[in-house]
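Handing you this structure, nothing more for now.
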Amino acid sequence: MRILQIRSVVSSPNYFPAAQISRPTFNFPGVSSMSELRVRFAPSPTGYLHVGGARTALFNWLYARHFGGTFILRIEDTDTERSTQQSVDAILQGMEWLGLDCDEGPFFQTDNFPLYKQHVQKLLDEGKAYRCWCRPEELEAKREAAMAEGRKPKYDGTCRRRQDQPLDQPHVIRFKAPQEGETAFDDLIKGRIAFPNAELDDLIISRTDGTPTYNFCVVIDDALMRISHVIRGDDHVNNTPRQIQLYEALGYPVPIFAHVPMILGSDKARLSKRHGATSVIAYRDMGYLPEALNNYLVRLGWSNGDDEIFSREEMVQKFDIANVGRSPSVFNPEKLNWLNAHYIKSGDPARLADLLQPHLASRGVTDTATPDLAGVISTLQERAQTLEEMADRALFYYQAPQNYDQAALAKFDKPHLAAVFTAVAAKLSAAAVTTAAECDALFKEICTEGGWKMPQVGQPLRIALSGSTQAPGIGEIVMALGVTEAVARIERAKAALTD
RNA sequence: GUCCCCAUCGUCUAGCCCGGCCCAGGACACCGCCCUUUCACGGCGGCGACGCCGGUUCAAAUCCGGCUGGGGACGCCA
C-alpha cells in the first residue's frame, strides 16, 4: 500500500532517479523495525536552501552514507500559505549542487492529509485529543497576559473538559498532553534533556480548516517512514518532548534524536541575510565549489582531530555524530575562501573550465576555444579564491588589452621598452618553445644578451600581454595564449609606444 | 518573563567522558621573514584562549556548585 506520493516534477532527473520519483516505496505500517538506519532532511518550502539547512542535510546524508542507511527527503509543506513550488525547486537545486542525493523522496506532506486526518480521528476516538473552540484573539490575549505576569504563555485548557460540543462551530483539535511527570530523551549530541510536563500545553494538531499542524505531521511521517534517527537543528529541541508524547499516544516507537547546534553570524546572532549570503545557490553564483562548501560546512560543529581537508569519501568514512560539538558556531567566510582556494588549486582544469564558463559568459566571453580554457585556468589556479575572481583574471586572455598600465610603464623609458619588445618578439617567433619553462629560459637569455635584469624585461612584457602588472608568470601566459598571439600583443604594445 | 541548551585564541576547533604527558595543540585571519620577473603559491616564525567565583583533590581546561554571558523555544509557522 502506497501512502506517500510524489506530486512535483523534480528539476534534475539525473539526481533523483526517475524510478524513485514515480514510484516512491513507502509501506504502512511497518514501523516496528528500527534495525535499519533511516534518516531524513525535512525542509519547509518557504525559501531557498540556506547554509544552516544545507549543513543539517549534509550531516543526515553523511550519517546515512557512513552506515549504509537510507537518506530521505521530505518537503514539509503543510503551511499552504507560505509554501511555494519555487522554493521546492530551489531546495532541490541546492541539494543537487551539493551532491546530497536522496534514496527516497522527495515526499510532500500535502499529499498525506488523509493519513493525518485518520490519526487525528484515532486520537479523538481514544480520548487523547479534544475539540477546542477558543478564538485566536482570546488565546492571544491570554498569552500576553501570562507573559506580562511572568508566566509561561501556555494554553490554559479551557476546552479540555468542556461539556457541550457544538460541532457546527469553528474549532481546532488539541492533543491532550500529560500534565504531570516529565518527558525526557537522550540526545545523541547534547545528552539527556528533560522537560517537566507542566511546561508543555495541549498543542493544536488540527487547525480550524482541518489541516494538520507541523508537530503532528512530523511525528506521523517519521513514524511511518520508519525514521530511526532524527538529526535536525537544535531550534527543535523544545518541540521534541511534545513529539515524544505524540509518539507514545499513537503507539509508535520513538526515534533517536540528535540536535545540531545552530550556525550564527559574526555578531553571534542567528545567521541571517544581513550577515551576507545564506543561500547555497548564492555561493555557487559567487564562484564557490560545492566540495569547498561541503568541506566548510562539515567542519562547522564537527571535527576529526586536527584534520581540515576532507574529500567526500573521507567525510563519509569519518563522519560520526559523536564528534559533533554542542555549542553553536559562527559562520566564517574567510575560512570558506581558504577552502575554496584549496579546491581550485587542486582541481582538474577541465572540470573547472565547465564551472567557470557561466562566470565568463556573464563577462561577455562566450567563445573559450582560443585560447584553450583549461590551459588558461592552469595559469590561474594558484591565484584565485573564487571562480568569480578567476573569471576576472582570465579576461585578458580573451580580450587583448585595450590600454596598458601607464603608471607601471612609466618606470621604463621608451627606447628600453622598444628594445625589449623587439628582442622578445624576434626571439619568440624564431624559437619553437613548447613549455613555460623553455619560455622563461628564453627570457633569461634575452636578459643576458641585452644586459638587462629580469624585472626590466618581465614587467614590460607582462603589461604588453595582459595590460597589467598583476598576472601569471610570463612563460605561462605565452603558452596559454599561444606564441603567435603573444607576439602579436607584443608588437601591438610596441606600436602603441610611438603614439 | 518562563523553560531548554551552550561556554578553550578574533573565528572553526583538539584536549574534557576516563583529572597529572596542556604555563593548552591544529586551522582560518592578521603580522614578520624567506622564495620570487609581478600577483599569487609555498616555507619558516610571531601574535593569540581554558568567561568569573568558590569547592573537591597532592594535582583541574578537564569533576561539582553558583554567577555572568550567549543562543533557542514559548503560533490555528515550520
Side-chain angles (χ1 to χ4, degrees), chain A residues 42-46 76-79 81-83 109 132 134-136 139-140 143 146-154 170-174 187 189-191 193-196 198-201 203-209 211-215 217-218 233-241 259 261-262 264 266 268-270 296 299-309 323 325-339 341 345 380-385 393 405 408 440 443-444 447 453-463 466 468-475:
Chain A
S44 66
T46 53
E76 313 236 306
D77 57 350
T78 52
D79 182 356
E81 291 285 296
R82 298 194 302 155
S83 298
Q109 291 188 317
C132 171
C134 294
R135 312 282 307 165
L139 292 173
E140 184 58 34
R143 254 196 300 274
M147 284 269 221
E149 284 174 43
R151 295 188 342 264
K152 193 172 181 94
K154 43 176 246 182
H171 60 275
V172 300
I173 295 169
R174 286 182 185 272
D187 192 276
I189 293 169
K190 293 171 183 282
I193 302 177
F195 291 81
E199 287 298 322
L200 280 12
D201 61 0
L203 82 159
I204 293 171
I205 56 177
S206 177
R207 303 183 181 98
T208 302
D209 65 4
T211 57
T213 57
Y214 167 76
N215 278 113
C217 300
V218 175
D234 81 4
D235 48 338
H236 285 291
V237 172
N238 296 275
N239 289 327
T240 308
H259 288 96
M262 306 266 83
L264 311 178
S266 49
K268 305 267 177 127
R270 192 179 181 149
Y296 179 71
R299 280 284 292 105
L300 213 51
W302 174 79
S303 61
N304 183 257
D306 287 337
D307 298 348
E308 294 289 352
I309 306 290
N323 291 329
R326 297 121 306 188
S327 52
S329 27
V330 174
F331 189 87
N332 179 210
E334 253 81 51
K335 190 154 183 179
L336 207 208
N337 282 343
W338 173 71
L339 281 164
K345 267 181 288 185
L380 264 15
Q381 283 177 283
E382 291 190 341
R383 292 165 234 266
Q385 287 198 311
R393 288 170 177 267
D405 183 338
D440 285 333
F443 297 137
K444 288 229 167 68
C447 282
K453 298 235 184 276
M454 197 59 198
Q456 293 178 281
V457 174
Q459 288 297 69
L461 267 183
R462 210 183 310 281
I463 296 167
S466 74
S468 119
T469 56
Q470 298 184 15
I474 306 167

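In what follows, chains are A, B, ... by sequence order, proteins preceding strands, each numbered from 1. Not measured: the values here are computed from a predicted model.
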Open item on the list: Does Thr469(A) contact rC39(B) through a side-chain donor or acceptor facing the base, at a distance under 3.5 Å?
Closed with: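 Counting by modelled atom types and ignoring angles, no donor-acceptor contact under 3.5 Å is found here.
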Open item on the list: Syn or anti for rC28(B), given that syn means the glycosidic angle lies within 90° of 0?
Closed with: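 Judged by the O4'-C1' to base torsion, rC28(B) sits in anti, the angle falling more than 90° away from 0.
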Task: Separation between the C1' atoms of rC9(B) and rA27(B), rounded to whole Å - done: 12 Å
Task: Side-chain N,O (Lys154(A)) to OP1/OP2 (rG75(B)) below 4.0 Å - done: no
- [ ] Please measure how far the P atom in rA61(B) lies from the corresponding atom in rG54(B), and state the result in whole Å.
- [x]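 Straight-line distance between the two P atoms is 14 Å.
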- [ ] Tell me whether the OP1 or OP2 atom of rU38(B) has a side-chain N or O from Ser468(A) closer than 4.0 Å.
- [x] no
Task: Any Lys335(A) side-chain N or O less than 4.0 Å from OP1/OP2 of rU13(B) - done: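 Lys335(A) to rU13(B) OP1/OP2: no side-chain N or O under 4.0 Å.
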Open item on the list: Any base atoms under 4.0 Å from Lys345(A), or only sugar-phosphate, or nothing? Heavy atoms, all strands.
Closed with: sugar-phosphate
- [ ] Hunt down the Watson-Crick or G-U wobble partner of rU36(B), both distances under 3.5 Å, from any strand shown, or write none.
- [x]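 Check on rU36(B): unpaired, no WC or wobble geometry under 3.5 Å.
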Open item on the list: What's Thr78(A) touching, base or sugar-phosphate or nothing? Going by heavy atoms closer than 4.0 Å.
Closed with: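 Sugar-phosphate, backbone atoms only, no base.
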- [ ] Ignoring hydrogens and angles, state whether a donor on the side chain of Asp209(A) or Thr211(A) is under 3.5 Å from an acceptor on the partner side chain.
- [x]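 On atom types as modelled, these side chains qualify, holding a pair under 3.5 Å.
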Task: From OG1 (Thr46(A)) to CD (Glu81(A)), nearest 0.5 Å - done: 13.0 Å
Task: Inter-nucleotide P distance (rC3(B), rU8(B)), Å rounded - done: 24 Å
Task: Complementary nucleotide for rC30(B) - Watson-Crick or wobble, under 3.5 Å - done: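 Paired with rC30(B), as far as the under-3.5 Å criterion goes, is rG46(B).
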Open item on the list: Any base atoms under 4.0 Å from Glu334(A), or only sugar-phosphate, or nothing? Heavy atoms, all strands.
Closed with: sugar-phosphate
Task: Side-chain donor/acceptor of Asp440(A) to backbone N/O of Gly475(A), under 3.5 Å - done: yes
- [ ] Could you tell me whether Asp440(A) contacts a base, only the sugar-phosphate backbone, or nothing, with contacts defined as non-hydrogen atoms closer than 4.0 Å?
- [x] base
Open item on the list: Once you apply a heavy-atom cut-off of 4.0 Å, does Leu300(A) come out as touching a base, just sugar-phosphate, or nothing?
Closed with: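 Contact class for Leu300(A): sugar-phosphate only.
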TODO: Give one of base, sugar-phosphate or nothing for Asp201(A), where a contact means two heavy atoms less than 4.0 Å apart.
DONE: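 If one applies the 4.0 Å heavy-atom cut-off, Asp201(A) turns out to touch nothing in the nucleic acid.
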TODO: Starting at CE of Met262(A), measure out to CG of Asp234(A) and round the result to the nearest 0.5 Å.
DONE: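 Between Met262(A) CE and Asp234(A) CG, I get 5.0 Å after rounding to 0.5 Å.
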Open item on the list: Counting the atoms with a prime plus P, OP1 and OP2 as sugar-phosphate, which does Pro472(A) contact under 4.0 Å by heavy atoms, base, sugar-phosphate, or nothing?
Closed with: base
TODO: Would you classify Gly473(A) as touching base, sugar-phosphate or nothing, given that sugar-phosphate means primed atoms plus P, OP1 and OP2, and contacts are heavy atoms under 4.0 Å?
DONE: base
Task: Other residues, nucleotides, ligands: >12 heavy atoms within 6.0 Å of Glu149(A) CD - done: yes
Open item on the list: Whether Arg270(A) and Asp235(A) form a salt bridge (side-chain N of Lys/Arg under 4.0 Å from carboxylate O of Asp/Glu) is what I want to check.
Closed with: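 Yes, charged N to carboxylate O under 4.0 Å.
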- [ ] Pick base, sugar-phosphate or nothing for Ser303(A), based on heavy-atom distances below 4.0 Å to the nucleic acid.
- [x]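 Answer is sugar-phosphate: Ser303(A) comes under 4.0 Å of backbone atoms only.
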Open item on the list: Between Arg143(A) and rG75(B), is there a contact of a side-chain N or O with OP1 or OP2 at under 4.0 Å?
Closed with: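 Checking rG75(B) against Arg143(A), a side-chain N or O does come within under 4.0 Å of OP1 or OP2.
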Task: Side-chain-base donor-acceptor pair under 3.5 Å for Asn337(A) and rA29(B) - done: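 Counting by modelled atom types and ignoring angles, no donor-acceptor contact under 3.5 Å is found here.
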TODO: Give His259(A) one of three labels, base, sugar-phosphate or nothing, depending on what nucleic acid heavy atoms sit under 4.0 Å from its own.
DONE: nothing
Open item on the list: What's the closest nucleotide to the side chain of Lys268(A) if the choices are rU11(B), rA78(B), rU37(B)?
Closed with: rU11(B)
- [ ] Starting from C1' on rC74(B), measure out to CG on Leu139(A) and report it in whole angstrom.
- [x]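 Going from Leu139(A) (CG) to rC74(B) (C1'), I get 14 Å.
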Task: rC53(B) to rA60(B) separation - P atoms, rounded to the nearest Å - done: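 Looking at atom P only, rC53(B) and rA60(B) are 14 Å apart.
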Task: Who pairs with rG65(B) - Watson-Crick or G-U, where each distance is under 3.5 Å - done: rC53(B)
Task: Integer angstrom distance from the P of rC63(B) to that of rA14(B) - done: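 Taking atom P in both rC63(B) and rA14(B), they lie 14 Å apart.
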Task: Touch class at under 4.0 angstrom, heavy-atom based, for Arg82(A) against every strand present - done: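 Since a base atom lies under 4.0 Å of Arg82(A), the category is base.
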Task: Ionic contact status for Lys154(A) with Glu199(A), cut-off 4.0 Å - done: no
Identify the pairs formed between an N or O of the protein and an N or O of nucleotides 2-6 of chain B at a distance under 3.5 Å, and give each distance.
residue : atom : partner   : partner atom : Å
rU2(B)  : O2   : Lys152(A) : NZ           : 3.4
rC3(B)  : O4'  : Glu199(A) : OE1          : 3.3
rC5(B)  : O2'  : Lys190(A) : NZ           : 2.7

- [ ] Could you work out the separation of rG70(B) and rC34(B) based on their C1' atoms and round it to a whole Å?
- [x]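 Going atom to atom, C1' in each nucleotide, I get 43 Å.
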TODO: Name the nucleic acid region contacted by Val172(A), choosing base, sugar-phosphate or nothing; use a 4.0 angstrom heavy-atom cut-off, strictly under.
DONE: base
- [ ] Please round to the nearest 0.5 Å and tell me the distance separating atom NZ of Lys335(A) and atom CG of Leu300(A).
- [x] 9.0 Å
TODO: Record whether the side chain of Glu382(A) comes under 3.5 Å of the base of rG42(B) through a donor-acceptor pair of N or O atoms.
DONE: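 For Glu382(A), whose side chain was compared with the base of rG42(B), there is no donor-acceptor pair (under 3.5 Å).
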TODO: Quick one: look up who rA14(B) pairs with, Watson-Crick or G-U, both distances under 3.5 Å, and put none if it's unpaired.
DONE: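 Paired with no nucleotide.
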TODO: Identify the nucleotide, in any strand shown, that forms a Watson-Crick or G-U wobble pair with rU2(B), with both distances under 3.5 Å; if there is none, say none.
DONE: rA73(B)
Task: Taking every non-hydrogen atom, the tightest pair across Lys345(A) and Gln381(A) - done: CG-O, 3.4 Å
Task: Base paired to rA59(B) (Watson-Crick or G-U; both N/O distances under 3.5 angstrom) - done: none
